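Each chain gets a letter, A, B and so on, in the order the sequences are listed, and its residues count up from 1. Being a predicted model, the structure only gives us computed values, none of them experimental. Just so it is clear, the values below take in all heavy atoms, side chains as well, and ignore hydrogens, waters and symmetry mates.
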Amino acid sequence: MAIPKTGSLVLPGDKIGVIEMFMPGDGTYEENGIIYSNILGHLEINMKKRIVSVKRKKKDFPIPSPGQVVFAKVEQIRRNSAIVIMTNMDGIFYTSSFEGMVHISQTSKKYIEIMNDAFNEGDIIKAKVLQTDRIPYQLTTIGKKMGVILAFCRICGNTLELKGGKLVCRQCGNQEFRKYSIDYGKMNA
Amino acid sequence: MELIKLEKPEKLIDENNIRVDGRKLNDLRPIKMEVGVLPKANGSAYVEMGGNKILASVYGPREVHPRHLAESNKAVFRCLYRMATFSVDERKSPAPSRRENELSMVIGQALEPAIFLNYYPKTMIECTILVIQADGGTRCASINAASLALADAGIAMRGLVSAVAIGKADGKLIVDLNNVEDQFGEGDLPIAILYPLKEVSLIQFDGILTNEEFQQCINLAYDACEIIFNKQIEALHKRYSKEIIEKDNKKEA
(Lines give C-alpha, C1' and ligand atoms only; values in the text may rest on other atoms or scores of the structure.)
Protein backbone atom coordinates (compact mmCIF):
# COMPACT_ATOMS: atom_id res chain seq x y z
CA MET A 1 0.00 0.00 0.00
CA ALA A 2 1.31 3.43 -0.90
CA ILE A 3 1.90 5.72 2.07
CA PRO A 4 0.20 9.14 1.70
CA LYS A 5 2.59 12.06 2.09
CA THR A 6 2.75 14.34 5.12
CA GLY A 7 0.57 17.40 4.62
CA SER A 8 -1.78 15.81 2.09
CA LEU A 9 -5.51 16.32 2.50
CA VAL A 10 -7.38 13.36 3.96
CA LEU A 11 -11.12 12.86 4.38
CA PRO A 12 -13.02 10.79 6.96
CA GLY A 13 -12.65 7.15 5.96
CA ASP A 14 -9.47 7.51 3.90
CA LYS A 15 -6.99 4.67 4.29
CA ILE A 16 -3.72 5.90 5.79
CA GLY A 17 -1.78 2.72 6.42
CA VAL A 18 -1.75 -0.56 8.26
CA ILE A 19 -1.25 -1.17 11.95
CA GLU A 20 2.17 -2.78 11.33
CA MET A 21 3.48 0.51 9.91
CA PHE A 22 2.22 3.12 12.38
CA MET A 23 0.50 3.71 15.68
CA PRO A 24 -2.88 5.38 15.21
CA GLY A 25 -2.72 8.89 16.75
CA ASP A 26 -5.18 11.78 16.96
CA GLY A 27 -7.81 11.95 14.24
CA THR A 28 -7.45 8.33 13.20
CA TYR A 29 -9.04 5.01 14.04
CA GLU A 30 -8.13 1.40 13.43
CA GLU A 31 -10.36 -1.34 12.15
CA ASN A 32 -9.35 -4.84 11.01
CA GLY A 33 -5.68 -3.83 11.12
CA ILE A 34 -6.10 -0.86 8.79
CA ILE A 35 -5.74 2.76 9.93
CA TYR A 36 -8.38 5.16 8.64
CA SER A 37 -8.72 8.90 9.00
CA ASN A 38 -11.38 10.19 11.37
CA ILE A 39 -11.77 13.78 10.28
CA LEU A 40 -11.09 16.14 7.42
CA GLY A 41 -7.58 17.49 7.73
CA HIS A 42 -3.90 17.27 6.96
CA LEU A 43 -1.86 14.15 7.48
CA GLU A 44 1.05 14.22 9.91
CA ILE A 45 3.51 11.36 10.07
CA ASN A 46 6.04 11.17 12.89
CA MET A 47 8.63 8.72 11.63
CA LYS A 48 10.65 8.85 14.88
CA LYS A 49 7.80 7.69 17.07
CA ARG A 50 6.01 5.92 14.22
CA ILE A 51 2.77 7.73 14.96
CA VAL A 52 0.37 8.86 12.26
CA SER A 53 -2.19 11.55 13.03
CA VAL A 54 -4.54 13.94 11.26
CA LYS A 55 -4.49 17.63 12.07
CA ARG A 56 -7.95 19.07 11.62
CA LYS A 57 -8.62 21.63 8.94
CA LYS A 58 -11.25 23.58 10.85
CA LYS A 59 -10.98 24.89 14.38
CA ASP A 60 -11.28 22.29 17.10
CA PHE A 61 -14.50 22.02 19.11
CA PRO A 62 -13.43 22.51 22.68
CA ILE A 63 -15.65 20.66 25.13
CA PRO A 64 -15.15 21.38 28.85
CA SER A 65 -12.88 18.76 30.40
CA PRO A 66 -11.43 18.49 33.93
CA GLY A 67 -8.50 20.84 34.56
CA GLN A 68 -9.37 23.41 31.92
CA VAL A 69 -9.34 27.09 32.88
CA VAL A 70 -12.53 28.75 31.68
CA PHE A 71 -14.05 32.20 31.62
CA ALA A 72 -17.67 32.41 32.69
CA LYS A 73 -20.42 34.86 33.45
CA VAL A 74 -22.38 34.52 36.70
CA GLU A 75 -25.99 33.98 35.73
CA GLN A 76 -27.72 33.19 39.00
CA ILE A 77 -26.81 33.26 42.69
CA ARG A 78 -28.31 30.74 45.06
CA ARG A 79 -27.76 30.45 48.82
CA ASN A 80 -24.83 28.07 48.49
CA SER A 81 -24.08 27.82 44.82
CA ALA A 82 -23.78 29.98 41.71
CA ILE A 83 -24.86 29.07 38.18
CA VAL A 84 -22.43 30.35 35.57
CA ILE A 85 -22.28 30.27 31.79
CA MET A 86 -18.94 29.24 30.33
CA THR A 87 -18.16 30.99 27.08
CA ASN A 88 -14.53 30.26 26.34
CA MET A 89 -11.55 28.33 27.48
CA ASP A 90 -8.00 29.76 27.33
CA GLY A 91 -9.19 32.30 24.80
CA ILE A 92 -10.85 29.74 22.50
CA PHE A 93 -14.58 30.23 22.27
CA TYR A 94 -16.91 27.26 22.55
CA THR A 95 -19.26 26.70 19.63
CA SER A 96 -22.04 27.38 22.09
CA SER A 97 -21.94 28.25 25.76
CA PHE A 98 -22.05 25.56 28.44
CA GLU A 99 -23.66 25.81 31.87
CA GLY A 100 -21.56 25.30 34.99
CA MET A 101 -21.94 25.47 38.76
CA VAL A 102 -19.66 26.74 41.53
CA HIS A 103 -20.52 25.37 44.97
CA ILE A 104 -19.87 27.55 48.02
CA SER A 105 -17.32 25.06 49.35
CA GLN A 106 -15.39 25.31 46.08
CA THR A 107 -15.40 29.12 46.02
CA SER A 108 -12.58 30.07 48.36
CA LYS A 109 -10.21 28.64 50.95
CA LYS A 110 -11.73 30.96 53.54
CA TYR A 111 -15.13 30.38 55.13
CA ILE A 112 -17.92 32.08 53.21
CA GLU A 113 -21.30 32.63 54.89
CA ILE A 114 -23.46 33.04 51.79
CA MET A 115 -22.72 33.05 48.08
CA ASN A 116 -23.43 36.79 47.73
CA ASP A 117 -20.19 37.49 49.66
CA ALA A 118 -18.17 35.92 46.85
CA PHE A 119 -19.94 36.68 43.57
CA ASN A 120 -22.71 38.84 42.20
CA GLU A 121 -24.91 38.28 39.18
CA GLY A 122 -23.25 39.63 36.04
CA ASP A 123 -19.67 39.21 37.23
CA ILE A 124 -17.09 37.63 34.94
CA ILE A 125 -15.11 34.90 36.64
CA LYS A 126 -12.11 32.77 35.88
CA ALA A 127 -12.56 29.19 37.07
CA LYS A 128 -11.22 25.69 36.70
CA VAL A 129 -13.34 22.73 35.64
CA LEU A 130 -13.45 20.18 38.45
CA GLN A 131 -15.46 17.34 36.99
CA THR A 132 -17.71 16.76 34.02
CA ASP A 133 -19.53 13.64 35.18
CA ARG A 134 -22.67 15.54 36.01
CA ILE A 135 -24.52 18.37 34.31
CA PRO A 136 -24.12 21.25 35.09
CA TYR A 137 -20.32 20.97 35.05
CA GLN A 138 -18.73 21.53 38.46
CA LEU A 139 -16.23 24.40 38.68
CA THR A 140 -13.86 25.70 41.34
CA THR A 141 -12.40 29.14 42.04
CA ILE A 142 -10.01 28.10 44.82
CA GLY A 143 -6.58 29.60 44.22
CA LYS A 144 -5.02 33.03 43.81
CA LYS A 145 -5.46 33.17 40.05
CA MET A 146 -9.10 32.10 40.12
CA GLY A 147 -12.09 34.24 40.98
CA VAL A 148 -13.80 37.40 39.79
CA ILE A 149 -11.93 39.25 37.05
CA LEU A 150 -14.58 41.86 36.34
CA ALA A 151 -17.31 43.01 38.74
CA PHE A 152 -20.06 45.61 38.70
CA CYS A 153 -21.38 47.88 41.47
CA ARG A 154 -24.55 46.68 43.18
CA ILE A 155 -25.86 50.24 43.50
CA CYS A 156 -25.10 52.01 40.22
CA GLY A 157 -23.88 49.20 37.92
CA ASN A 158 -20.52 50.73 37.02
CA THR A 159 -17.35 48.66 36.88
CA LEU A 160 -15.44 48.24 40.12
CA GLU A 161 -11.75 49.05 40.50
CA LEU A 162 -9.24 47.24 42.63
CA LYS A 163 -7.65 49.71 45.08
CA GLY A 164 -5.48 48.52 47.93
CA GLY A 165 -7.07 45.10 48.16
CA LYS A 166 -10.62 46.46 48.01
CA LEU A 167 -13.10 46.80 45.18
CA VAL A 168 -14.32 50.39 44.88
CA CYS A 169 -16.91 51.83 42.51
CA ARG A 170 -15.63 54.61 40.26
CA GLN A 171 -18.88 56.56 40.33
CA CYS A 172 -20.41 56.28 43.77
CA GLY A 173 -17.43 55.11 45.86
CA ASN A 174 -19.26 52.05 47.08
CA GLN A 175 -17.01 49.38 48.60
CA GLU A 176 -17.74 45.72 47.87
CA PHE A 177 -16.43 42.28 48.75
CA ARG A 178 -15.72 39.58 46.19
CA LYS A 179 -13.57 36.52 45.85
CA TYR A 180 -11.37 38.28 43.31
CA SER A 181 -8.50 36.94 41.26
CA ILE A 182 -4.99 38.46 41.20
CA ASP A 183 -5.69 39.01 37.48
CA TYR A 184 -8.59 41.36 38.32
CA GLY A 185 -9.22 43.85 35.52
CA LYS A 186 -7.01 42.06 33.01
CA MET A 187 -9.54 40.57 30.66
CA ASN A 188 -6.85 39.23 28.33
CA ALA A 189 -5.05 37.34 31.10
CA MET B 1 -57.65 16.56 -2.21
CA GLU B 2 -55.04 16.87 -4.89
CA LEU B 3 -55.57 19.66 -7.37
CA ILE B 4 -52.61 18.79 -9.56
CA LYS B 5 -52.42 15.16 -10.57
CA LEU B 6 -49.43 13.55 -12.18
CA GLU B 7 -50.42 11.80 -15.39
CA LYS B 8 -49.13 8.33 -15.89
CA PRO B 9 -47.07 8.05 -19.05
CA GLU B 10 -47.97 5.17 -21.42
CA LYS B 11 -44.60 3.56 -21.03
CA LEU B 12 -42.01 4.20 -18.34
CA ILE B 13 -39.35 2.44 -20.41
CA ASP B 14 -39.45 2.23 -24.23
CA GLU B 15 -38.22 -0.53 -26.59
CA ASN B 16 -34.65 0.79 -26.63
CA ASN B 17 -34.42 0.72 -22.81
CA ILE B 18 -34.66 4.50 -22.63
CA ARG B 19 -36.49 5.97 -19.63
CA VAL B 20 -38.98 8.83 -19.36
CA ASP B 21 -36.26 11.47 -18.93
CA GLY B 22 -33.98 9.99 -21.60
CA ARG B 23 -31.66 8.04 -19.33
CA LYS B 24 -30.51 4.45 -19.74
CA LEU B 25 -31.47 1.87 -17.11
CA ASN B 26 -28.31 2.18 -14.99
CA ASP B 27 -27.76 5.92 -15.38
CA LEU B 28 -27.82 8.38 -12.49
CA ARG B 29 -29.29 11.85 -12.80
CA PRO B 30 -26.81 14.73 -13.10
CA ILE B 31 -25.27 15.42 -9.68
CA LYS B 32 -23.91 18.68 -8.33
CA MET B 33 -22.37 18.94 -4.88
CA GLU B 34 -21.03 21.93 -3.01
CA VAL B 35 -19.56 22.10 0.48
CA GLY B 36 -19.37 24.96 2.97
CA VAL B 37 -22.17 27.09 1.54
CA LEU B 38 -23.42 28.49 4.86
CA PRO B 39 -20.74 30.51 6.69
CA LYS B 40 -22.56 30.61 10.06
CA ALA B 41 -23.09 26.86 10.36
CA ASN B 42 -20.27 24.61 11.57
CA GLY B 43 -20.71 22.59 8.42
CA SER B 44 -23.00 22.73 5.40
CA ALA B 45 -23.56 21.25 1.97
CA TYR B 46 -25.77 21.81 -1.04
CA VAL B 47 -26.67 18.87 -3.26
CA GLU B 48 -28.53 18.68 -6.54
CA MET B 49 -29.55 15.27 -7.83
CA GLY B 50 -31.62 15.83 -10.94
CA GLY B 51 -34.62 17.85 -9.79
CA ASN B 52 -33.78 17.49 -6.10
CA LYS B 53 -32.26 20.53 -4.46
CA ILE B 54 -31.20 20.00 -0.88
CA LEU B 55 -29.44 22.14 1.70
CA ALA B 56 -27.98 20.52 4.81
CA SER B 57 -26.39 22.21 7.81
CA VAL B 58 -24.67 20.89 10.92
CA TYR B 59 -24.40 22.67 14.27
CA GLY B 60 -22.51 21.41 17.25
CA PRO B 61 -21.27 19.69 19.32
CA ARG B 62 -23.12 22.02 21.68
CA GLU B 63 -25.08 21.97 24.93
CA VAL B 64 -28.13 19.71 24.97
CA HIS B 65 -31.56 21.27 25.34
CA PRO B 66 -33.68 20.03 27.11
CA ARG B 67 -30.93 19.04 29.46
CA HIS B 68 -32.39 15.74 30.68
CA LEU B 69 -31.88 14.23 27.21
CA ALA B 70 -28.09 14.48 27.56
CA GLU B 71 -26.22 11.20 27.68
CA SER B 72 -23.18 10.90 29.93
CA ASN B 73 -21.12 8.70 27.61
CA LYS B 74 -21.95 9.97 24.13
CA ALA B 75 -23.37 12.80 22.10
CA VAL B 76 -27.00 13.04 21.05
CA PHE B 77 -27.40 13.15 17.28
CA ARG B 78 -30.52 14.92 16.14
CA CYS B 79 -31.63 15.08 12.54
CA LEU B 80 -34.36 17.33 11.15
CA TYR B 81 -35.78 16.86 7.65
CA ARG B 82 -38.08 19.59 6.36
CA MET B 83 -39.61 20.36 3.00
CA ALA B 84 -40.13 23.93 1.86
CA THR B 85 -43.71 24.92 1.06
CA PHE B 86 -42.71 25.49 -2.58
CA SER B 87 -40.74 22.28 -2.95
CA VAL B 88 -43.58 20.24 -4.50
CA ASP B 89 -46.21 20.85 -7.20
CA GLU B 90 -48.94 21.64 -4.73
CA ARG B 91 -48.24 23.90 -1.76
CA LYS B 92 -47.03 21.84 1.17
CA SER B 93 -48.33 22.85 4.58
CA PRO B 94 -45.43 24.29 6.58
CA ALA B 95 -46.39 22.23 9.64
CA PRO B 96 -44.17 19.18 10.12
CA SER B 97 -46.01 16.21 8.70
CA ARG B 98 -45.89 12.55 9.67
CA ARG B 99 -43.74 11.80 6.62
CA GLU B 100 -41.19 14.46 7.56
CA ASN B 101 -40.90 13.19 11.13
CA GLU B 102 -40.44 9.67 9.86
CA LEU B 103 -37.78 10.69 7.35
CA SER B 104 -35.93 12.68 10.04
CA MET B 105 -35.69 9.49 12.07
CA VAL B 106 -34.72 7.31 9.09
CA ILE B 107 -31.99 9.71 7.92
CA GLY B 108 -30.71 10.10 11.48
CA GLN B 109 -30.46 6.33 11.89
CA ALA B 110 -28.67 5.99 8.56
CA LEU B 111 -26.02 8.54 9.58
CA GLU B 112 -25.61 7.65 13.26
CA PRO B 113 -23.35 4.59 12.74
CA ALA B 114 -20.94 6.80 10.78
CA ILE B 115 -20.31 9.26 13.64
CA PHE B 116 -18.03 8.70 16.63
CA LEU B 117 -20.61 9.90 19.14
CA ASN B 118 -18.50 8.80 22.12
CA TYR B 119 -15.94 11.52 21.31
CA TYR B 120 -18.35 14.26 22.40
CA PRO B 121 -20.04 13.23 25.65
CA LYS B 122 -22.92 15.30 27.09
CA THR B 123 -23.32 17.33 23.90
CA MET B 124 -25.65 17.42 20.94
CA ILE B 125 -24.95 17.40 17.22
CA GLU B 126 -27.80 18.85 15.20
CA CYS B 127 -28.25 18.27 11.48
CA THR B 128 -30.93 20.21 9.63
CA ILE B 129 -31.95 19.27 6.10
CA LEU B 130 -34.12 21.52 3.96
CA VAL B 131 -35.60 20.26 0.72
CA ILE B 132 -35.85 23.26 -1.61
CA GLN B 133 -37.11 21.24 -4.56
CA ALA B 134 -38.29 17.64 -4.52
CA ASP B 135 -38.24 15.21 -7.44
CA GLY B 136 -38.26 11.67 -6.07
CA GLY B 137 -35.58 10.09 -3.89
CA THR B 138 -35.18 13.03 -1.52
CA ARG B 139 -34.18 10.78 1.35
CA CYS B 140 -31.17 9.48 -0.57
CA ALA B 141 -30.13 12.96 -1.66
CA SER B 142 -30.60 14.18 1.92
CA ILE B 143 -28.31 11.48 3.28
CA ASN B 144 -25.64 12.44 0.71
CA ALA B 145 -25.95 16.11 1.66
CA ALA B 146 -25.99 15.50 5.42
CA SER B 147 -22.91 13.27 5.37
CA LEU B 148 -21.04 15.95 3.40
CA ALA B 149 -22.12 18.60 5.91
CA LEU B 150 -20.96 16.44 8.83
CA ALA B 151 -17.56 15.95 7.20
CA ASP B 152 -17.35 19.69 6.51
CA ALA B 153 -18.10 20.44 10.18
CA GLY B 154 -15.04 18.41 11.15
CA ILE B 155 -16.95 15.87 13.21
CA ALA B 156 -15.16 12.56 13.71
CA MET B 157 -16.66 10.00 11.36
CA ARG B 158 -15.90 6.44 10.27
CA GLY B 159 -16.45 7.55 6.69
CA LEU B 160 -18.88 9.14 4.30
CA VAL B 161 -22.36 7.77 3.66
CA SER B 162 -23.71 7.56 0.13
CA ALA B 163 -27.26 6.62 -0.77
CA VAL B 164 -29.21 5.79 -3.90
CA ALA B 165 -32.65 4.39 -4.71
CA ILE B 166 -33.05 1.32 -6.90
CA GLY B 167 -36.48 0.46 -8.30
CA LYS B 168 -38.48 -1.52 -10.76
CA ALA B 169 -40.61 -0.16 -13.59
CA ASP B 170 -42.19 -2.03 -16.49
CA GLY B 171 -40.53 -5.21 -15.25
CA LYS B 172 -36.97 -3.81 -15.43
CA LEU B 173 -34.62 -2.72 -12.66
CA ILE B 174 -33.71 0.95 -12.77
CA VAL B 175 -31.27 3.14 -10.83
CA ASP B 176 -32.04 6.50 -9.18
CA LEU B 177 -35.80 6.88 -9.64
CA ASN B 178 -37.37 10.22 -10.41
CA ASN B 179 -40.80 11.33 -9.25
CA VAL B 180 -42.82 9.68 -12.06
CA GLU B 181 -41.00 6.37 -11.79
CA ASP B 182 -41.35 6.48 -8.02
CA GLN B 183 -45.13 6.95 -8.19
CA PHE B 184 -46.02 4.59 -11.04
CA GLY B 185 -43.21 2.05 -10.78
CA GLU B 186 -43.46 -1.38 -9.20
CA GLY B 187 -40.88 -1.04 -6.46
CA ASP B 188 -38.60 1.35 -4.63
CA LEU B 189 -35.54 0.31 -2.64
CA PRO B 190 -33.43 3.12 -1.09
CA ILE B 191 -30.02 1.93 0.12
CA ALA B 192 -27.36 3.86 2.05
CA ILE B 193 -23.81 2.56 2.16
CA LEU B 194 -21.22 3.51 4.76
CA TYR B 195 -17.72 3.78 3.30
CA PRO B 196 -14.92 2.66 3.49
CA LEU B 197 -16.14 -0.62 5.01
CA LYS B 198 -19.04 -0.76 2.53
CA GLU B 199 -21.64 -1.57 5.15
CA VAL B 200 -25.33 -1.02 4.50
CA SER B 201 -26.64 1.55 6.98
CA LEU B 202 -30.14 2.02 5.55
CA ILE B 203 -32.38 -0.24 3.55
CA GLN B 204 -36.08 0.33 3.00
CA PHE B 205 -38.39 -1.39 0.58
CA ASP B 206 -41.78 -0.85 -0.94
CA GLY B 207 -43.21 -2.99 -3.77
CA ILE B 208 -42.77 -6.51 -5.09
CA LEU B 209 -39.45 -8.10 -6.09
CA THR B 210 -38.26 -11.67 -6.45
CA ASN B 211 -35.28 -12.91 -4.46
CA GLU B 212 -32.99 -12.73 -7.49
CA GLU B 213 -34.11 -9.23 -8.35
CA PHE B 214 -33.43 -8.14 -4.79
CA GLN B 215 -29.84 -9.42 -5.01
CA GLN B 216 -29.41 -7.62 -8.33
CA CYS B 217 -30.77 -4.43 -6.79
CA ILE B 218 -28.14 -4.52 -4.04
CA ASN B 219 -25.35 -5.06 -6.57
CA LEU B 220 -26.67 -2.15 -8.64
CA ALA B 221 -26.78 0.02 -5.50
CA TYR B 222 -23.12 -0.73 -4.69
CA ASP B 223 -22.10 0.34 -8.20
CA ALA B 224 -24.22 3.51 -8.17
CA CYS B 225 -23.11 4.52 -4.65
CA GLU B 226 -19.47 4.22 -5.74
CA ILE B 227 -20.10 6.98 -8.32
CA ILE B 228 -21.87 9.19 -5.74
CA PHE B 229 -19.11 8.55 -3.19
CA ASN B 230 -16.48 9.70 -5.69
CA LYS B 231 -18.50 12.86 -6.34
CA GLN B 232 -18.64 13.55 -2.58
CA ILE B 233 -14.87 13.17 -2.29
CA GLU B 234 -14.42 15.46 -5.28
CA ALA B 235 -16.65 18.13 -3.67
CA LEU B 236 -14.69 18.05 -0.39
CA HIS B 237 -11.33 18.18 -2.19
CA LYS B 238 -12.57 21.10 -4.27
CA ARG B 239 -13.56 23.09 -1.18
CA TYR B 240 -10.42 22.34 0.78
CA SER B 241 -7.78 22.73 -1.90
CA LYS B 242 -4.99 25.05 -0.72
CA GLU B 243 -5.90 28.14 -2.73
CA ILE B 244 -9.37 28.50 -1.26
CA ILE B 245 -8.06 28.18 2.29
CA GLU B 246 -5.50 30.92 1.66
CA LYS B 247 -8.22 33.19 0.27
CA ASP B 248 -10.40 32.62 3.33
CA ASN B 249 -7.50 33.38 5.65
CA LYS B 250 -6.84 36.64 3.83
CA LYS B 251 -10.48 37.67 4.20
CA GLU B 252 -10.42 37.00 7.96
CA ALA B 253 -7.18 38.93 8.37
J.: Going by heavy atoms in the side chains, are V74(A) and V84(A) under 4.5 Å from each other?
T.: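 They are in contact (side-chain heavy atoms under 4.5 Å apart), so the answer is yes.
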
J.: Identify which part of Y195(B) has an atom lying under 4.5 Å from any heavy atom of chain A, answering side chain, backbone, both or neither.
T.: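 Y195(B) has no heavy atom closer than 4.5 Å to chain A.
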
J.: Could you tell me which portion of Y29(A) (side chain, backbone, both or neither) has an atom closer than 4.5 angstrom to a non-hydrogen atom of chain B?
T.: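 Only the side chain of Y29(A) comes within 4.5 Å of chain B.
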
J.: Which answer fits P136(A), side chain, backbone, both or neither, if we ask what part of it has an atom under 4.5 Å from a heavy atom of chain B?
T.: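 The answer is both parts of P136(A).
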
J.: Is there a side-chain contact between M124(B) and L69(B) (heavy atoms, below 4.5 Å)?
T.: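 A side-chain contact under 4.5 Å is absent here.
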
J.: What part of N73(B) gets within 4.5 angstrom of chain A, counting heavy atoms only: side chain, backbone, both, or neither?
T.: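 Interface part for N73(B): neither.
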
J.: Could you tell me whether the side chains of E176(A) and N174(A) share a donor-acceptor contact shorter than 3.5 Å?
T.: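 Present: a donor and an acceptor within the cut-off.
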
J.: Which atoms of L11(A) come close to chain B, meaning under 4.5 Å heavy atom to heavy atom: side chain ones, backbone ones, both, or neither?
T.: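 The answer is the side chain of L11(A).
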
J.: With only heavy atoms counted, which part of I233(B) is less than 4.5 Å from chain A, the side chain, the backbone, both or neither?
T.: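 Contact with chain A is through both the backbone and side chain of I233(B).
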
J.: Please look at T132(A) and chain B and tell me whether the side chain, the backbone, both or neither of the residue comes under 4.5 angstrom of a heavy atom of that chain.
T.: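 For T132(A), backbone and side chain are both near chain B.
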
J.: Below 4.5 Å, heavy atoms only, C-beta onward: do Y120(B) and I155(B) meet side chain to side chain?
T.: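 The answer is yes; the side chains approach within 4.5 Å.
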
J.: Can you check whether A151(A)'s main-chain N or O pairs, donor with acceptor, with R178(A)'s side chain at less than 3.5 Å?
T.: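 No: the side chain of R178(A) does not pair with the backbone of A151(A).
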
J.: So for A151(B), is it side chain, backbone, both, or neither that comes closer than 4.5 Å to the heavy atoms of chain A?
T.: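 It is both, since atoms from each part get that close.
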
J.: Within the structure provided, determine whether Y81(B) and T138(B) are in side-chain contact (heavy-atom separation under 4.5 Å).
T.: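 Side-chain contact under 4.5 Å: yes.
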
J.: Of the backbone (N, CA, C, O) and the side chain (C-beta and beyond), which part of E99(A) lies under 4.5 Å from a heavy atom of chain B, both, or neither?
T.: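 Contact with chain B involves both backbone and side-chain atoms of E99(A).
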
J.: Side-chain contact, heavy-atom cut-off 4.5 Å: V131(B) with N52(B)?
T.: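 When only atoms from C-beta onward are counted, N52(B) and V131(B) do not touch, as no gap falls below 4.5 Å.
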
